[in-house]
Amino acid sequence: MEIAQIPRWRKLMLVGVMFLITGSFGFIQPFLPLWLTASGISRSQLGLITGLATATALIVQPILGKISDRIDARRPLMLVMALTAWGAYLAYGYANSFWVFLALTILASNGFAYLNAVGGVLVGRLAAAGQGGAGYARYRVWGSVGYVVIAMGSGLLVRPDPHMTRADLAPIFTYGPWIFFVIAIAALLVPDPKRPPAPGKAAADSDAPKKHPNLANLDRFLLAFGLYTFALYGATGFLAIYMHQLGATARQVTWMFAAGVVCEVLVMSQV
């Protein structure tokens, strides 16, 4: 389907899916480390779980991306990966050992990572036909709004006690994972525009530059982005635990994370 022919309701469905995908991180980021430590996982084991899960994503995500590109369709894999994340996070409520948590985190992380990346791809294709960065921000900002709403709502599920035992945190992994089930259903309805046809060989040889000038800085950008991601998620993985040690309640932990994303919304709406 051509981008210009996509019905408005499908574009609104994409807004809803972006709201839920990024929003789901609003219950994962503040409470996953606390759930693992409340389940008897040590700090070093927590680092191994998150690090190994991320390492597998370096292998799995490019493969999923190649499959998406080969079939030029994203909805089928969105459905599969949303259901994968749903099942894995739901199983957190019954897991107790390092190896089980590691396996579940690998599945859940790869499910979320694909959804997060492919959401950006879909938004990028729609924005490319509109107003570029401004068009992208109008879609993507709803993900940040979803994060704030779901993070604050998750904080209300936990009683205002700084101890936050496994029993206290249980509602998070009872109700939170169902967000991914809703994403799986909604993914069937999002716009999935096809790749524009490639120009003929003669046109490509005569019109396209041998190398786009902006690609000269691509390696530097990737290095900077890699360092940014390393610093951000390396720190935030333990930030909730640090807040817990300071005596913060679940609501205060979510307020802290939500405040950062509120700033993100303000910047994204203007940048």
Side-chain angles (χ1 to χ4, degrees), residues 1 6-32 35 53-54 56-57 59-95 100-126 139-151 153-154 157 170-195 261:
M1 179 182 291
I6 295 174
R8 181 177 175 80
W9 70 269
R10 283 192 181 273
K11 295 180 181 179
L12 292 176
M13 186 62 66
L14 179 57
V15 169
V17 168
M18 293 296 294
F19 179 97
L20 293 172
I21 290 174
T22 310
S24 67
F25 209 42
F27 86 85
I28 298 168
Q29 191 174 41
F31 293 112
L32 181 57
W35 178 262
T54 303
T56 62
I59 301 171
V60 173
Q61 294 305 309
I63 295 173
L64 295 177
K66 286 183 179 297
I67 294 174
S68 291
D69 289 342
R70 183 175 293 274
I71 64 177
D72 197 20
R74 283 134 293 273
R75 290 183 196 141
L77 282 177
M78 288 180 72
L79 173 65
V80 171
M81 300 313 291
L83 291 177
T84 298
W86 168 64
Y89 281 121
L90 206 59
Y92 264 86
Y94 307 96
V100 174
F101 276 126
L102 176 60
L104 292 176
T105 304
I106 289 173
L107 291 172
S109 297
N110 276 284
F112 173 82
Y114 180 80
L115 292 171
N116 191 46
V118 82
V121 171
L122 294 177
V123 170
R125 286 200 174 184
L126 293 180
Y139 283 97
R140 175 57 182 81
V141 73
W142 286 104
S144 299
V145 173
Y147 183 106
V148 173
V149 171
I150 293 176
S154 298
L157 294 176
I172 299 295
F173 290 95
T174 299
Y175 302 108
W178 287 92
I179 295 172
F180 288 101
F181 186 83
V182 177
I183 292 172
I185 303 303
L188 300 174
L189 303 174
V190 297
D192 191 4
K194 299 302 179 182
R195 185 186 302 111
V261 179

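Every heavy atom of this structure was used, including side-chain atoms; hydrogens, water molecules and symmetry mates were not.
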Shortest non-hydrogen contact between Pro177 and Phe27, atoms and distance: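 Answer, listing the atom of Pro177 first, then Phe27: N-CZ, 3.8 Å.
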Inter- and intrachain pairs under side-chain hydrogen bond (donor to acceptor under 3.5 Å, both in side chains), touching residues 111-121, at least two apart: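 Residue pairs with at least one partner in residues 111-121: Ser68-Tyr114.
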From Ile28 atom CD1 to Tyr147 atom OH, the distance as rounded to the nearest 0.5 Å: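 Ile28 CD1 to Tyr147 OH: 9.5 Å, rounded to 0.5 Å.
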Spacing of CG belonging to Leu77 relative to CD1 belonging to Ile71, to within rounding of 0.5 Å: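 If I round to the nearest 0.5 Å, the distance is 5.5 Å.
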Drop me the distance from Leu20's CG to Ile183's CD1, to the nearest 0.5 angstrom.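 Leu20 atom CG to Ile183 atom CD1 measures 5.0 Å (nearest 0.5 Å).
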Heavy atoms only: give me the nearest Leu188-Arg75 pair and the separation to one decimal.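 The answer is O-CD, 3.7 Å.
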Just checking, is any N or O donor in the side chain of Asn110 or Thr56 under 3.5 Å from an acceptor N or O on the other one?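 On atom types as modelled, these side chains qualify, holding a pair under 3.5 Å.
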Please find the pair of heavy atoms, one from Ser24 and one from Phe180, that lie closest to each other, and give the distance.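 Looks like OG-CZ, 3.4 Å.
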Nearest heavy-atom neighbours spanning Ala186 and Val17: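 Closest approach of Ala186 to Val17, heavy atoms only: CB-CG2, 3.6 Å.
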Quick one: CG on Leu32 to CD1 on Ile172, what's the gap to the nearest 0.5 Å?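 So the gap between those two atoms works out to 11.5 Å.
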Just checking Trp142: does its CH2 atom have more than 12 heavy atoms from other residues, nucleotides or ligands closer to it than 6.0 angstrom?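 Result for CH2/Trp142: open.
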Table please: side-chain donor-acceptor pairs of residues 102-109 below 3.5 Å, with sequence neighbours left out.
{"from": "Thr105", "atom 1": "OG1", "to": "Tyr92", "atom 2": "OH", "distance (Å)": "2.4"}
{"from": "Thr105", "atom 1": "OG1", "to": "Phe101", "atom 2": "O", "distance (Å)": "2.6"}
{"from": "Ser109", "atom 1": "OG", "to": "Thr105", "atom 2": "O", "distance (Å)": "2.7"}

Got a second to check how far Ile67's CD1 is from Arg74's CZ, nearest 0.5 Å?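 The distance works out to 13.0 Å.
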Just how far is it from atom CG of Leu90 to atom CH2 of Trp178, taken to the nearest 0.5 Å?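 Nearest 0.5 Å value for the CG-CH2 distance: 6.5 Å.
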For Ala187, enumerate each residue passing the side-chain contact (heavy atoms from CB on, under 4.5 Å) test, keeping only those at least two apart in sequence or located in another chain.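 Ala187: side-chain contact (heavy atoms from CB on, under 4.5 Å) contacts with Met78.
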